[in-house]
Asks: 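Take a look at this one; I'll ask things after.
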Amino acid sequence: EDKVVQSPLSLVVHEGDTVTLNCSYEVTNFRSLLWYKQEKKAPTFLFMLTSSGIEKKSGRLSSILDKKELFSILNITATQTGDSAVYLCAVDANYGQNFVFGPGTRLSVLP
Amino acid sequence: DTEVTQTPKHLVMGMTNKKSLKCEQHMGHRAMYWYKQKAKKPPELMFVYSYEKLSINESVPSRFSPECPNSSLLNLHLHALQPEDSALYLCASRPIGRGTGELFFGEGSRLTVL
């Protein structure tokens, strides 16, 4: 059975801290891993990773994939209160027929 | 603004009602999805329409029925729902035929079943 695990499940930090969120997976027919940020409504797309070792960056956020060890990390530097959200990791596990989501990491950034 | 449009944004219905959730995209995406998300849980796949074929998660009860009138629309018909069906229903689309692509989500339809 395809599985995506995220850790930690929740995290509380103060503004300015750096955080690392983890996502590990066991799936058949891996094609890509995606990170999403979800506040009150629909998830918003952050990154899509398909190749090992290539870091993707967007402002203070970055992510990398290790296909040998089957995991990805999402880094957020200099956190802000606006980063407070649930961060979801999803894996394209069946040629796009299903994206399997992890449980999410709930990040709270305190002022 | 999202390019996947879901209506209505909020729906309250009784257990004997029949209602529909609508989802539309004009990005030319050829795969569309319905996900169900309960509070503090990740989205769970209900239906996928891709390559002009509908795939169903076998755990989804028959009181939910999808309809795909054309490649831009994927509706979800609701009948005789239970209170435990109350959730956020997310529609998503993605491009296919050019390798992988991310899911584009609509804003969701929040359903309450009384």
Side-chain angles (χ1 to χ4, degrees), chain A residues 1-10 21 23-25 27 29-51 54 56 58 63 65 67 72 74 85-108, chain B residues 1-6 8-10 21 23 25 27 29-60 87-111:
Chain A
E1 183 184 339
D2 296 329
K3 190 166 73 169
V4 177
V5 176
Q6 291 185 246
S7 64
L9 294 181
S10 69
L21 310 183
C23 174
S24 62
Y25 61 91
V27 302
N29 302 317
F30 173 90
R31 294 195 75 187
S32 62
L33 185 146
L34 300 93
W35 285 97
Y36 285 87
K37 176 182 181 183
Q38 186 172 28
E39 296 172 86
K40 291 185 178 175
K41 289 191 176 177
T44 54
F45 173 73
L46 296 175
F47 297 110
M48 183 172 73
L49 304 159
T50 56
S51 301
I54 300 174
K56 294 221 171 174
S58 177
S63 184
L65 173 68
K67 288 168 73 173
S72 173
L74 174 69
V86 174
Y87 290 83
L88 294 165
C89 172
V91 175
D92 179 351
N94 190 15
Y95 303 105
Q97 288 299 100
N98 187 17
F99 287 78
V100 181
F101 283 82
T105 293
R106 184 172 296 274
L107 175 65
S108 299
Chain B
D1 284 345
T2 180
E3 294 181 79
V4 177
T5 303
Q6 289 187 239
K9 289 186 168 46
H10 299 274
L21 304 180
C23 177
Q25 56 89 13
M27 295 179 281
H29 292 173
R30 293 179 58 201
M32 295 184 72
Y33 306 74
W34 276 108
Y35 281 87
K36 174 183 177 181
Q37 187 176 27
K38 301 281 281 184
K40 299 190 178 182
K41 297 289 187 183
E44 294 182 355
L45 181 68
M46 300 178 74
F47 306 102
V48 179
Y49 187 82
S50 68
Y51 296 104
E52 300 178 354
K53 180 183 169 187
L54 183 68
S55 299
I56 299 170
N57 181 338
E58 292 179 359
S59 68
V60 175
L88 180 66
Y89 288 83
L90 294 165
C91 178
S93 70
R94 67 184 284 270
I96 58 175
R98 288 180 292 153
T100 60
E102 73 265 28
L103 288 170
F104 292 76
F105 282 95
E107 291 193 356
S109 294
R110 190 163 295 281
L111 173 67

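The sequence lines fix the lettering, A, B, ..., with proteins before strands; numbering per chain opens at 1.
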Asks: Where do A:Gly102 and B:Pro42 come nearest, in terms of heavy atoms and distance?
Replies: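 It is O-CB, 3.0 Å.
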Asks: Look at A:Val100, A:Leu34, A:Asn98, A:Leu88 and state which one has the largest set of heavy-atom pairs under 4.5 Å with chain B.
Replies: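 When all of A:Val100, A:Leu34, A:Asn98, A:Leu88 are compared, A:Asn98 has the most.
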Asks: Going from OH on B:Tyr33 to CZ on A:Phe99, what distance comes out if it is rounded to the nearest 0.5 angstrom?
Replies: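 Here the interatomic distance stands at 4.5 Å.
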Asks: To the nearest 0.5 Å, what is the distance between CZ on B:Arg94 and CG on A:Asp92?
Replies: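 Output value for this atom pair is 5.5 Å.
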Asks: Please determine whether the number of non-hydrogen atoms from other residues, nucleotides or ligands lying under 6.0 Å from atom NZ of A:Lys3 exceeds 12.
Replies: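 Incorrect, the count does not exceed 12.
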Asks: With only heavy atoms counted, which part of A:Phe45 is less than 4.5 Å from chain B, the side chain, the backbone, both or neither?
Replies: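 Side chain only.
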Asks: Restricting to non-hydrogen atoms, name the atom on B:Lys40 and the atom on A:Arg106 that form the minimum distance, rounded to 0.1 Å.
Replies: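 Nearest pair, atom of B:Lys40 first, then A:Arg106: CG-NH2, 3.6 Å.
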Asks: If I compare all heavy atoms of B:Phe105 with all of A:Ala42, which pair ends up nearest, and what's the gap?
Replies: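 Scanning both residues completely, I find the closest heavy atoms to be CB-CB, 4.0 Å.
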Asks: What is the distance from atom CG of B:Leu88 to atom NZ of A:Lys40, rounded to the nearest 0.5 Å?
Replies: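 Rounded to the nearest 0.5 Å, the CG-NZ separation comes to 13.5 Å.
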Asks: Please classify the contact between B:Leu90 and chain A as side chain, backbone, both or neither, with a heavy-atom cut-off of under 4.5 Å.
Replies: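 Just the side chain, heavy atoms under 4.5 Å.
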Asks: Go through the atoms of A:Tyr36 and report whether side chain, backbone, both or neither lie under 4.5 Å from a heavy atom of chain B.
Replies: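 A:Tyr36 touches chain B through side-chain heavy atoms alone.
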Asks: Measure distances from B:Glu44 to the heavy atoms of chain A and classify the residue's part below 4.5 Å as side chain, backbone, both or neither.
Replies: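 Contact with chain A: none, neither part.
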